[in-house]
Amino acid sequence: MTPQRANNNMVTIAERLNNAYDRIAKAEQNGQISDPVQLLAVSKTKPIELIQQAYDAGQRLFGESYVQEAVDKVSHFKALRDIEWHFIGPIQSNKSRHIAEHFSWVQSVDRLKIARRLNEQRPTNLKPLNILIQVNISEDVNKSGCVPSELESLAQFISESKQLTLRGLMTITAKTDDSELQQQYFQQMKDCFDKLKAQYPQIDTLSMGMSSDLEPAVAAGATMVRIGTDIFGKRQ
Ligand SMILES: *Cc1c(COP(=O)(O)O)cnc(C)c1O
């Protein structure tokens with residue numbers, strides 16, 4: 001067995017999960033919220049064996065980014081009723097039906113057209129789809145997400161949609177060595193979240209922070225972090 005392989009055995013996934021939860025726990029001591037921060041295990045591009053190992057280690061929240069791959073995985077694990085699947089990737093409108101039918105959360109809603117389609121396509125025998133609005137907080141032209149000024153109308157539409165439940169906000173911040181700028185973006189997200197919560201008291205989820213920046217995200221008030229690399233290893 002190559003060392004690469006050895007990294008993927010069951011013990012290691014469990015240990016890596018433990019390490020991630022330890023990091024979160026330490027970061028929470030500097031945080032602003034009392035509820036425990038949730039960990040979304042981002043399994044995109046990773047094989048079902050590793051997802052199974054994470055599940056066996058107790059992990060229940062998984063995130064996927066690519067529709068076809070994600071649908072295959074969700075179908076494979078259908079019998080495990082307590083897995084909660086979150087779609088976190090860019091959404092093309094011709095793929096929205098697959099997302100509406102297979103996921104319980106979508107974290108990457110950034111425009112009205114997609115919200116409308118998800119609402120129409122969510123099967124009525126399923127619970128409403130939990131929605132996070134993705135915010136492009138750095139207003140980077142290369143990144144998806146709505147800009148803060150579009151938040152209000154999008155939030156209103158989602159909150160009035162029968163088959164959608166508005167749960168909060170998500171952001172992906174660019175990798176940067178400028179830790180002050182990074183903290184500033186996380187803080188701006190927290191401000192957007194608090195403002196939205198004043199209007200929609202039921203929202204409870206602020207999804208920000210990944211393998212490389214979960215500490216400042218939690219310190220700023222993230223309620224959910226999304227960890228891929230640190231649990232499942234580097235992606236190709
Ligand atoms: C891939 C991905 C992650 C995980 O990033 P890591 O750096 O591997 O932890 C988190 N969020 C989103 C939206 C992603 O696409």
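Because only heavy atoms are used, hydrogens play no part in the values below, and waters and symmetry mates are left out as well, while side chains stay in. Counting convention: from 1, in listed order, for ligands and their atoms alike.
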Between Glu152 and Gln156, is any side-chain donor less than 3.5 angstrom from a side-chain acceptor? no
My understanding is that only one of Arg117, Glu101, Arg122 makes a side chain to side chain donor-acceptor pair (under 3.5 Å) with Ser96; could you say which? Arg117
Shell of residues surrounding ligand 1, defined by a 4.0 angstrom heavy-atom cut-off that is strict: Val42, Lys44, Ser65, Ile88, Ile172, Met210, Ser211, Arg226, Ile227, Gly228, Thr229, Arg235
Classify the ring geometry of Phe77 against Trp85: parallel below 30°, tilted from 30° to 60°, perpendicular beyond 60°. tilted
Does the structure place the NZ or CZ of Arg16 under 6.0 Å from the centre of the six-membered ring of Phe232, at an angle of no more than 45° from the ring's axis? no
Establish whether Met210 and Leu50 are linked, either directly or via other cluster members, by ILVMFWY side-chain heavy-atom contacts under 4.5 Å. no
I'd like to know if the side chain of Asp178 pairs up with that of Gln182 as donor and acceptor (distance under 3.5 Å, no hydrogens or angles considered). no
